[in-house]
Amino acid sequence: MKYFQPNFSHIYVERGALDYPLSQIALKKFSKSKVIEVDHYKDIFNRTGQDFQVQKKSMKLILAKKTEPFLYPASEMVQEFGTPNVYYNTPILNCLYNCDYCFLQGMYSSGNMVVFVNESDFMDAIKIKMASLNLTLDPMVVSISYNTDIMAMENIIPMASRWIDFVKTQKKLLIEIRTKSALFSLIKKMIPHENVLLSWTLSPEKIAEEFESTAPPFNSRLKSAKEAVEAGWAVRLCFDPIILFDGWFEIYSQFLHEVFREINPSKVRDVTLGVFRMNKDFYKRIKKREPTSTLFYDNYEIKDGVVSIGKKERTESLEKLEELLSKYLPKSKILIWK
Amino acid sequence: MQCILSALKAESDPLINFFKLKKDDSYSFPFYKKNDLCLIGIGVGKNKIEKRIFTFLNDYNSRSLQFINIGIAGGKINNSEKGEIYLINKIKDENSNENYFPDLIVNSKLLEHSTITVDKAIVDGGGDYNCLVDMEASEIYKVCLKRVLVHQISFLKIVSDYMDEDVTSISKNKINSLINEKLPEIDTFLKKYKNLQEFKSSILGNVDLVWISRARSELNLTETQYHQLLSFSRGYRLKNPNKKFEDNMILKVYSKTERNKNFKNICEILSA
C-alpha cells in the first residue's frame with residue numbers, strides 16, 4: 001500500500017510567478033499535480049508547526065518570485081580557500097535529497113522545495129555585483145547550488161543548463177554547481193566551459209547507503225563525474241563530509257582507490273575534504289526534533305558557532321586523508337576545511 | 001490517537017455508530033471514544049472549539065495525536081457535487097483574510113477542494129464564493145496548531161447544499177445520509193492517515209524510559225544531566241536496537257561528586 005502522495009503531488013504557485021517560463025515548464029512536467037494558488041511562498045514554506053522529515057515523505061513544489069537579496073557572501077563553512085569574491089545564491093530552497101548530515105533540515109522549517117522562477121533577476125544581480133568588484137585578477141565565484149542540488153532538479157526544471165548558458169556570456173564569472181546527482185547526461189551535449197565548475201560529492205558506498213540513502217548510489221555519481229571529466233568539464237570532487245567510524249580509514253582508502261581508478265586524477269581540477277560540521281543553531285534545532293540518524297548522537301565540540309568533531313581528531317584524520325590523497329594529486333589541489 | 005471533530009449531532013451520529021464509539025460523560029460536551037479513536041462535538045461555528053479541544057488535550061496529549069474535522073459544507077453547482085467528500089487543501093478565514101494550508105502527505109485518493117470559513121451561514125446561493133464554505137475549519141486549524149503539528153490536522157468536507165439552505169435547517173436525516181454514504185471513504189482515510197503516526201514514534205521505548213526515569217531519580221540528576229542522558233540514551237538505542245539498558249549502570253550514590261562520576265560513566269558507556 002502506498003501511504004504517501006508522490007513528490008510534487010501538489011504545486012503551490014505564487015500569483016505573480018505563474019507566467020514565468022520556469023513555472024510553465026514545471027507545471028507542464030507535473031500536469032497531473034494539483035495546483036494551489038498562494039499569495040506568497042512564505043505562507044506555505046514558513047508555516048508554523050511543520051515537520052521537515054514528515055514533509056520529506058511527500059515533498060511539494062512551491063513556485064515563487066524572489067525579491068532581493070539575490071546574492072549572499074559565502075558561508076565560512078564553505079571552502080573558500082583564500083579566493084576573494086565568493087558568493088552564493090538561492091535559485092532553489094531545499095533539496096530533492098535528504099542526507100542525514102544536511103544543514104538544510106536545521107535551516108528550514110519545511111521539507112518542501114521552493115523554486116524561484118525569476119532567474120533573470122538573479123543573473124542581473126550578479127552582473128551588478130561584478131561591476132562593483134575589482135575582478136582584474138580573480139573572477140567572481142558564485143555557488144548556485146548551495147541550499148539545494150540544482151543538477152538533481154535538471155530533469156524537472158532545467159536550471160543548471162540555463163545558468164551554464166548565462167556564464168558563457170560573462171568573462172569574469174565562475175559558477176560552482178555542487179551535486180550528488182547522476183544526471184550529467186542531461187547537460188552532456190553542452191559545450192564545456194572553463195568558468196563552470198561541476199562538483200560531485202562522493203562518499204564510500206557504506207556511507208552513501210547509511211547517510212545519503214535518498215541520493216543516487218556512489219557508483220552512479222562516480223559514473224556521472226567521470227563522464228564530465230572525460231567530456232572536458234572542470235570537475236571538483238568533494239569528499240565532504242568525511243564520516244569517522246571504526247575502520248573509517250580503510251574504507252576511505254579503498255574508496256579513493258576506486259575513485260581514481262575510474263577518474264584520471266590529473267584531469268580533476270581539485271578535491272575538497274571536510275568532516276561533518278554544522279552551524280550550532282541548525283544542529284540544536286535538528287536535535288530538538290529527535291532525529292533518527294546516529295550522526296546526531298556522537299560527541300562533538302562547539303567552537304565559534306560550529307558543531308564538529310574535536311579539533312585534534314579532526315586534524316589528525318584530515319591530515320591522514322590528505323597524505324593518502326597526495327598519492328593521486330598534488331597537495332595544492334587538495335582543499336581542506338580544518 | 002485520532003480525534004474526529006464534528007459540529008452537528010447529525011454529523012456525529014453516523015460516525016459514532018459506524019466506529020462504535022461510546023459516550024464518555026466525564027466531559028461537559030459531547031465526547032465519544034473507543035480505543036484510540038474519539039470524537040468531540042465542537043458545536044456549530046467557532047465559539048466553543050478552543051475550550052473543548054483544550055479540555056480534551058488536558059487528558060489526551062500525545063505526540064502522535066491527529067485531529068480530523070469531518071462535516072458538511074456548502075458548495076457551488078459549478079465546482080462541486082452534492083454528496084461528494086473533499087479533502088481540504090486550503091482554508092481561508094473570511095474574517096481575517098488569513099489563509100491556512102493543511103499538509104497533504106497521505107495518498108488518500110480523495111478529491112480536493114479549498115474552503116472559506118464564514119461566521120454566518122450563506123443562504124443566498126453563494127455569490128462570488130468559488131470554493132466550499134464552512135463555519136469551523138479555520139478556527140480548528142488555528143486552535144489545533146497551538147498543540148500539534150500541521151500534518152496532524154486534516155479536514156474532510158461533504159457537500160450538503162449549494163448555499164441555498166441554512167445549515168441548521170438541513171434535515172437530520174439528510175445529513176445522516178450524506179455522512180453514511182461516505183463512511184467507507186472516511187474509514188479508509190483514517191486508516192491511511194494513521195500510518196503517519198509511525199513516523200513520530202519515539203526512539204526510546206517504555207522500558208528505556210523507565211530506566212532513564214530511575215537513573216534520574218536515584219542519581220538525583222540535574223535538569224541538564226537529565227537532558228544529556230536522554231540524548232545519549234537515544235543514540236545508544238539507535239546504535240543498539242536490541243540491547244537493554246543495564247540496571248547495574250546506576251549505582252547507589254551519596255554525594256554530588258559520586259553522582260557526577262556515575263553519570264559520566266553512564267554517558268561513556270552509552271556513547272561508546
Side-chain angles (χ1 to χ4, degrees), chain A residues 1-15 33-62 100 109-112 210 245-246 283-284 286-300, chain B residues 63 87-90 92 97-109 111-114 131 141-142 144-153 188 191-204 227-228 230-241 267-268 270-272:
Chain A
M1 191 194 220
K2 202 173 170 211
Y3 297 145
F4 306 118
Q5 297 267 13
N7 282 336
F8 308 148
S9 60
H10 293 73
I11 302 182
Y12 296 85
V13 189
E14 260 185 18
R15 245 179 281 284
S33 298
K34 186 94 187 160
V35 178
I36 300 170
E37 199 174 83
V38 296
D39 293 335
H40 195 279
Y41 80 90
K42 289 181 180 174
D43 295 346
I44 180 92
F45 192 67
N46 288 4
R47 285 172 296 165
T48 51
Q50 297 180 90
D51 186 307
F52 187 98
Q53 291 302 340
V54 167
Q55 289 179 342
K56 276 285 179 186
K57 303 288 175 202
S58 171
M59 284 182 279
K60 311 304 179 198
L61 184 61
I62 304 164
D100 286 13
S109 52
S110 174
N112 296 324
E210 186 168 354
F245 53 93
D246 285 344
Y283 183 84
K284 280 185 178 170
I286 296 167
K287 275 285 289 225
K288 260 190 186 172
R289 296 188 205 133
E290 208 177 305
T292 52
S293 171
T294 53
L295 261 187
F296 289 93
Y297 300 95
D298 281 337
N299 288 318
Y300 298 113
Chain B
R63 54 191 276 155
L87 177 68
I88 298 301
N89 56 29
K90 179 177 177 178
K92 188 181 187 83
N97 246 359
E98 288 285 327
N99 288 312
Y100 305 102
F101 299 91
D103 266 346
L104 303 157
I105 312 281
V106 174
N107 194 8
S108 73
K109 308 266 190 229
L111 295 172
E112 290 180 22
H113 224 306
S114 56
C131 54
Y141 185 96
K142 274 197 294 179
C144 292
L145 198 57
K146 289 177 185 173
R147 303 291 279 271
V148 298
L149 298 172
V150 183
H151 69 271
Q152 293 170 277
I153 316 164
T188 304
K191 282 176 180 149
K192 286 185 174 179
Y193 195 34
K194 206 178 176 69
N195 288 308
L196 264 191
Q197 293 179 340
E198 287 169 23
F199 289 90
K200 288 320 285 177
S201 60
S202 177
I203 294 168
L204 297 165
H227 286 287
Q228 284 173 336
L230 274 176
S231 177
F232 280 117
S233 301
R234 285 180 188 129
Y236 180 80
R237 178 50 67 236
L238 286 170
K239 289 172 192 166
N240 309 283
C267 293
E268 279 171 6
L270 295 179
S271 62

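Proteins come first, then strands; the chains are lettered A, B, ... in the order of their sequence lines, and each starts at number 1.
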Requested in this report: For B:Leu87 and B:Ser108, work out which heavy atoms get closest and say how close.
Outcome: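 Scanning both residues completely, I find the closest heavy atoms to be CD2-OG, 3.7 Å.
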Query raised in the report: Which atom names give the shortest non-hydrogen contact between A:Ser33 and A:Phe8, and what distance separates them?
Result: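 In terms of heavy atoms, the two residues are closest at OG-O, 2.6 Å.
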Query raised in the report: Would a line drawn from the ring center of A:Tyr297 to the ring center of B:Tyr236 be shorter than 6.0 Å?
Result: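 No, too far apart.
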[X], part contacting chain A, at a heavy-atom distance under 4.5 Å:
| X | answer |
| --- | --- |
| B:Tyr193 | neither |
| B:Asn99 | side chain |
| B:Leu104 | both |

Query raised in the report: Which bit of A:Asn299 comes within less than 4.5 Å of chain B, counting heavy atoms only: side chain, backbone, both or neither?
Result: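 Looking at A:Asn299, just its side chain touches chain B.
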Query - Electrostatic pair B:Lys239-A:Asp298, nearest N-O below 4.0 angstrom - result: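 The answer is yes: the pair qualifies as a salt bridge.
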Requested in this report: Would you mind telling me which of B:Ile105, B:Leu145, B:Leu270, B:Val150 has the largest number of heavy-atom pairs within less than 4.5 Å of chain A?
Outcome: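 The answer is B:Ile105.
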Query - From OG (A:Ser9) to CG (A:Leu61), nearest 0.5 Å - result: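 One gets 10.5 Å once the value is rounded to the nearest 0.5 Å.
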Query - Max heavy-atom pair count under 4.5 Å with chain B, selected residue of A:Lys57, A:Gln50, A:Gln53 - result: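 Most pairs with chain B among the choices: A:Lys57.
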